[in-house]
Amino acid sequence: MYFIHKASSINCQKAYQHDNIFRDLITPEDYLMLEEVDYKSLIPPAALRRMSTILKNSLCAAHQLKTEQDFDAIIVGTGLGCLQDTEKFLKTIHISQTETLSPTAFIQSTHNTIAGQISLALNNHGYNMTHTQHTFSFEVALMDAMQAVDDGMNQVLLGAAEEYIPFLDRLSDVVIPHDYPLSQGVSFFNISKTPAQIGITSIQFFNFKNPEEIRKVIHDTHADLLIYNGAKDESIHVKNQVNISQFTGFYLSNSAFAMHVGYDYLKNNPLANKVIIWNNLSQNHQSILVIERK
Amino acid sequence: MSELKETLKAQIIEQLNLEDLTPADIQDDMPLFGEGLGLDSIDALEFIVLLEQFYGIKLADPSEGKAVFSSVNSLAEFIEKNKK
């Protein structure tokens, strides 16, 4: 069994160091306006000056979940990674014709930057990994975290992070068609085998060749709340349903925030027992994650 | 030379993202690494890029770096001596 001990998110909602996120969800006027966090109180100035939005927010969320015991593993999922630094690096290549390349943008744009930077900042020498699997990035990171717990790692920092740059607007429909504005956010969790109030029961992956299979799994789960992030399915009859993209905007790993909202809902509603997080951002590849009260 | 030093200070702030500093905060003889500005090895690489990008100077001998990058004074002297 995999238990969620704590969660922390930073996006356009009031989520950072905030309880009862589900109750206070609002449709934001500006999906890109991130909740303000006092970075300087958590990150040394020398490190802060090099960090892009995604790194600063990931590190602040990680700091919030720190315990006296070091993390045994730091595992992150991201659909598009550190876009600010990637864009900066590519622009430098274009302008300088590869003659004089700034090392910082290159270092921070590489694949494992997020988990790696958190490890460096926390002086952590355990396993760290950043997974990139398009709309499944968080779910693949979650599976890696579950495997880490199975392998005996008892304190796993699991997260997902996404960053917006204006250039994305030009690629918007290539990334994936979506109904809500492009946005950004990070969500992190402390996962452990040590029992806690709420745990992760299962995760299943589906090819959307047979939508009936997904509907059956959702109906058979008898959840108190269904949180999805793609298109609404009118044939699914779960009384409480929330489209998390309405509150976060569209980013590839917003199912991680859905898990945070589900966790928060169970924590604050003693009569509720189960929440489904249905990642249906993609039409072809979908997942169903169940968390429940233990 | 003093104009070059002021330009260098502005370039250091810009290139190394020292956004909380102004050129007036960097004294000419202040150590840039260690206890002075507290720069690190990645900043040393940024200095190599800065020299090449703005002054067309390639640091031929990397062992020179420690002395050249020690302060704004030493950087300015090195640029004056080597600029094309």
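These figures come from a predicted structure and were not determined experimentally.
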- Message: For Leu37(B), which atoms come within 4.5 Å of any heavy atom of chain A: side chain, backbone, both, or neither?
- Response: neither
- Note on the structure: When rounded to the nearest 0.5 Å, the distance separating CD of Gln53(B) from CD1 of Ile95(A) is 8.5 Å
- Query: Which atoms of Ile107(A) come close to chain B, meaning under 4.5 Å heavy atom to heavy atom: side chain ones, backbone ones, both, or neither?
  - Reply: side chain
- From the list Ile48(B), Leu50(B), Asp40(B), the residue making the most non-hydrogen contacts under 4.5 Å with chain A is Asp40(B)
- Message: Does Met33(A), at its CE atom, have more than 12 non-hydrogen atoms belonging to other residues, nucleotides or ligands within less than 6.0 Å?
- Response: no
- Message: If you count heavy atoms of other groups shown closer than 6.0 angstrom to OH of Tyr180(A), is the number above 12?
- Response: yes
- Heavy-atom side-chain contact between Arg50(A) and Ile42(B) under 4.5 Å: yes
- Item | Crowding at CD, Glu14(B) (>12 non-hydrogen neighbours, <6.0 Å) | no
- Message: Applying ring pair (Phe, Tyr, Trp, His ring centres under 6.0 Å), can you list everything that pairs with Phe69(B), at least two apart in sequence or on another chain?
- Response: Phe47(B)
- Task: Would you mind checking which part of Asp20(B) comes under 4.5 Å of any heavy atom in chain A, side chain (CB onward), backbone (N, CA, C, O), both or neither?
- Result: side chain
- Message: Tell me if the CD atom of Gln133(A) is crowded by more than 12 foreign heavy atoms within 6.0 Å.
- Response: no
- Side-chain (Glu46(B)) to main-chain (Thr104(A)) donor-acceptor, under 3.5 angstrom: yes
Please set out all donor-acceptor pairs under 3.5 angstrom arising from side-chain atoms of residues 68-78 of chain A, sequence neighbours excluded.
from	atom 1	to	atom 2	distance (Å)
Asp72(A)	OD2	Asn154(A)	N	2.8
Asp72(A)	OD2	Gln155(A)	N	2.9
Thr78(A)	OG1	Gly81(A)	N	2.8
Thr78(A)	OG1	Ala161(A)	O	2.8
Thr78(A)	OG1	Glu162(A)	OE2	3.1

- For Leu16(B) and Arg49(A), which heavy atoms make the closest approach, and how far apart are they? O-NH1, 2.7 Å
